[in-house]
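Contents: one structure, followed by commentary.
As a basis for the values below, the full set of heavy atoms in this structure was taken, side chains included, without hydrogen atoms, waters or symmetry mates. Predicted model only: the values in this text are computed from it and were never measured.
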Amino acid sequence: MIVDGEEREDCIREHVKKELKYAILSHRWLPEDQEPPYSQMAKKPTEVPVGRGRGWKKLQHFFRTAKDVHNCDFAWSDTCCIDKSNNLEVDESIRSMFRWYRNSHVCIAFLSETANLAAFRLQEKGKGGEEAVDAWFERGWTLQELLAPSQIKFYGANWTPLIQGPTNDRNNRDSKVIMEKISTLTDIRMDDLESFTPGIDRVPEKMLWISRRRTTRIEDMAYSLIGIFDISLMIAYGEGNRAFFRLMEEIIKRYDKWDVFLWSGRCSRYNAALPDTPRSYAAGCIETLRDAVDRAASYEFGDRHFTLTNHGLAIWMLLLDVDVEDSYLTQDVFRSSMNTLG
């Protein structure tokens, strides 16, 4: 049988995955440089301060769980497996992160603020105290870490699995108890939680997923979506909100549905047709917006050849005369707003 280069590469990759299984850690970083850095990994074992500090203890638990529970001889953590002093390595790591999580044997998700399954089931969006959502569900990078792996196992604050016993022992992806709760907390549909396919589709809905999350660096709100939309983007820390504008530029190059404009709020300083942040897609009632997205996605009429230009958005639109009474929106204002788009 003759196979092309891509098929051969896929066969090799699958064989390597079976022989060299690795676990990957998903977690919330500790503050004030408490996480063990890459530089410590290059030292001799006698020089490494094992057991000193919460970061080292977390790493120890992760390694032990990967080996003893999931039978993995290799383990990867973003805290100590990326040389952050090397800009090229950081750039490659960010653009490869989704693929690394997807190719892992199992993703071990550590919920540091969740004691057990009972506490997890009590968590609610927008609540405080014991009912507050674990910080893991509020960080930007953990969105792709939730969606990318084929197998994911959740562990509570004391490193005991949320679900114990013979069923779902190594994978919570098929656990309705956990996945239905996560769907409620994140607004991510069950079919995406069970099996997610990256790509440029359902743009407003995916922006909703990230809208409640936050990142330490503003650029990471865009960079953490690279794998979810399956696009390539140059990493340039220091550019601020321009990172999200560049992300939207790349999306529109391959996306032809009008629902990408279902946003409200502050526009981008680089193009008034685009939003300033993903949070613009979360304005108003989420369920109403999701219904609008579904309706727009099924609407087959209209110009699908819109483009961004140095004057804004170039798009053909049909203008109709309408009578607006008892409203601040007059016909002239309506015409003016339409003309700014095309």
Side-chain angles (χ1 to χ4, degrees), residues 95 98 140 143-144 147 186-189 191-192 196-215 218-234 239-320 334-342:
R95 291 191 289 170
F98 187 95
L143 176 60
Q144 70 171 3
L147 296 171
T186 62
D187 293 307
I188 301 175
R189 301 179 185 186
D191 54 350
D192 286 311
F196 177 72
T197 301
I200 298 182
D201 60 350
R202 297 178 294 147
V203 172
E205 184 175 357
K206 292 179 178 179
M207 291 298 179
L208 285 174
W209 299 347
I210 196 73
S211 64
R212 287 199 188 95
R213 297 170 180 259
R214 59 183 183 275
T215 57
I218 191 171
E219 297 89 349
D220 284 338
M221 287 296 285
Y223 301 159
S224 61
L225 294 172
I226 289 175
I228 289 174
F229 285 109
D230 191 23
I231 63 176
S232 179
L233 199 68
M234 182 185 72
E239 64 177 333
N241 277 341
R242 191 171 186 277
F244 184 68
F245 168 71
R246 291 195 298 112
L247 176 82
M248 292 300 298
E249 270 191 318
E250 292 300 318
I251 288 174
I252 287 182
K253 287 178 182 177
R254 293 162 50 192
Y255 193 72
D256 64 353
K257 293 183 174 60
W258 285 26
D259 61 6
V260 70
F261 304 115
L262 287 175
W263 60 271
S264 64
R266 177 184 293 180
C267 65
S268 169
R269 60 182 293 189
Y270 303 103
N271 194 307
L274 299 178
D276 189 49
T277 72
R279 294 183 180 88
S280 297
Y281 287 97
C285 176
I286 287 180
E287 290 302 322
T288 300
L289 182 54
R290 176 173 288 175
D291 180 65
V293 170
D294 291 338
R295 290 174 181 271
S298 61
Y299 192 74
E300 297 298 331
F301 299 95
D303 178 27
R304 286 191 162 186
H305 296 89
F306 52 82
T307 57
L308 291 178
T309 73
N310 58 345
H311 289 285
L313 177 68
I315 186 171
W316 285 93
M317 301 188 72
L318 175 65
L319 297 182
L320 299 175
F334 178 77
R335 287 179 179 276
S336 176
S337 63
M338 292 297 101
N339 289 335
T340 61
L341 293 177

Of the non-hydrogen atoms in Leu233 and Arg95, which two are nearest, and what is the gap between them?
O-CD, 3.2 Å

Report the distance from atom CD1 of Ile251 to atom CG of Leu274, rounding to the nearest 0.5 Å.
9.5 Å

Closest non-hydrogen atom pair between Phe261 and Ile252, with its separation:
CE2-CD1, 4.5 Å

Could you give the distance from CD (Gln144) to CZ (Phe229), rounded to the nearest 0.5 Å?
12.0 Å

How long is the straight-line distance from CZ of Phe245 back to CG of Asn271, given to the nearest 0.5 Å?
5.5 Å

Rounded to the nearest 0.5 Å, what separation is found between the OG1 atom of Thr186 and the CG atom of Asp192?
9.5 Å

Glu219 and Arg246: side-chain contact (heavy atoms from CB on, under 4.5 Å), yes or no, with the steps?
CA-CA 11 Å; Glu219 297 89 349; Arg246 291 195 298 112; over 6 Å; no

Output yes when Lys206 and Asp201 qualify as a salt bridge under the 4.0 Å nitrogen-oxygen rule, no when they do not.
yes

Please determine whether side-chain contact (heavy atoms from CB on, under 4.5 Å) holds for the pair Arg266 and Ser280, giving the CA-CA distance in whole Å, both sets of side-chain angles, and the decisive distance to 0.1 Å.
CA-CA 7 Å; Arg266 177 184 293 180; Ser280 297; 5.7 Å; no

Nearest 0.5 angstrom please: Ile188 CD1 to Trp209 CH2, how far?
5.5 Å

Less than 4.5 Å apart, side chain to side chain, heavy atoms only: is that true for Thr277 and Met221?
no

Might you point out which heavy atoms bring Ile226 and Ile231 nearest each other, and give the distance in Å?
CG2-O, 2.9 Å

Does the side-chain contact (heavy atoms from CB on, under 4.5 Å) test come out yes or no for Arg202 and Asp259, once each step is laid out?
CA-CA 8 Å; Arg202 297 178 294 147; Asp259 61 6; over 6 Å; no

Would Lys253 and Glu250 pass as an ion pair if we require N to O under 4.0 Å?
yes

Can you give me the closest heavy-atom contact between Ile210 and Pro278, atom names plus distance?
CG2-CB, 3.4 Å

Verify, without hydrogens or angle tests, whether Trp263 (side chain) and Arg279 (backbone) share a donor-acceptor contact under 3.5 angstrom.
no

Gly227 versus Pro198, closest heavy-atom pair with distance
O-CB, 3.2 Å

Working for side-chain contact (heavy atoms from CB on, under 4.5 Å), residues Phe244 and Asp276
CA-CA 7 Å; Phe244 184 68; Asp276 189 49; over 6 Å; no

Enter the distance from Glu205:CD to Tyr281:OH here, rounded to the nearest 0.5 Å.
13.0 Å

Scanning both residues in full, the closest heavy-atom pair of Leu147 with Phe196 reads O-CB, 3.7 Å

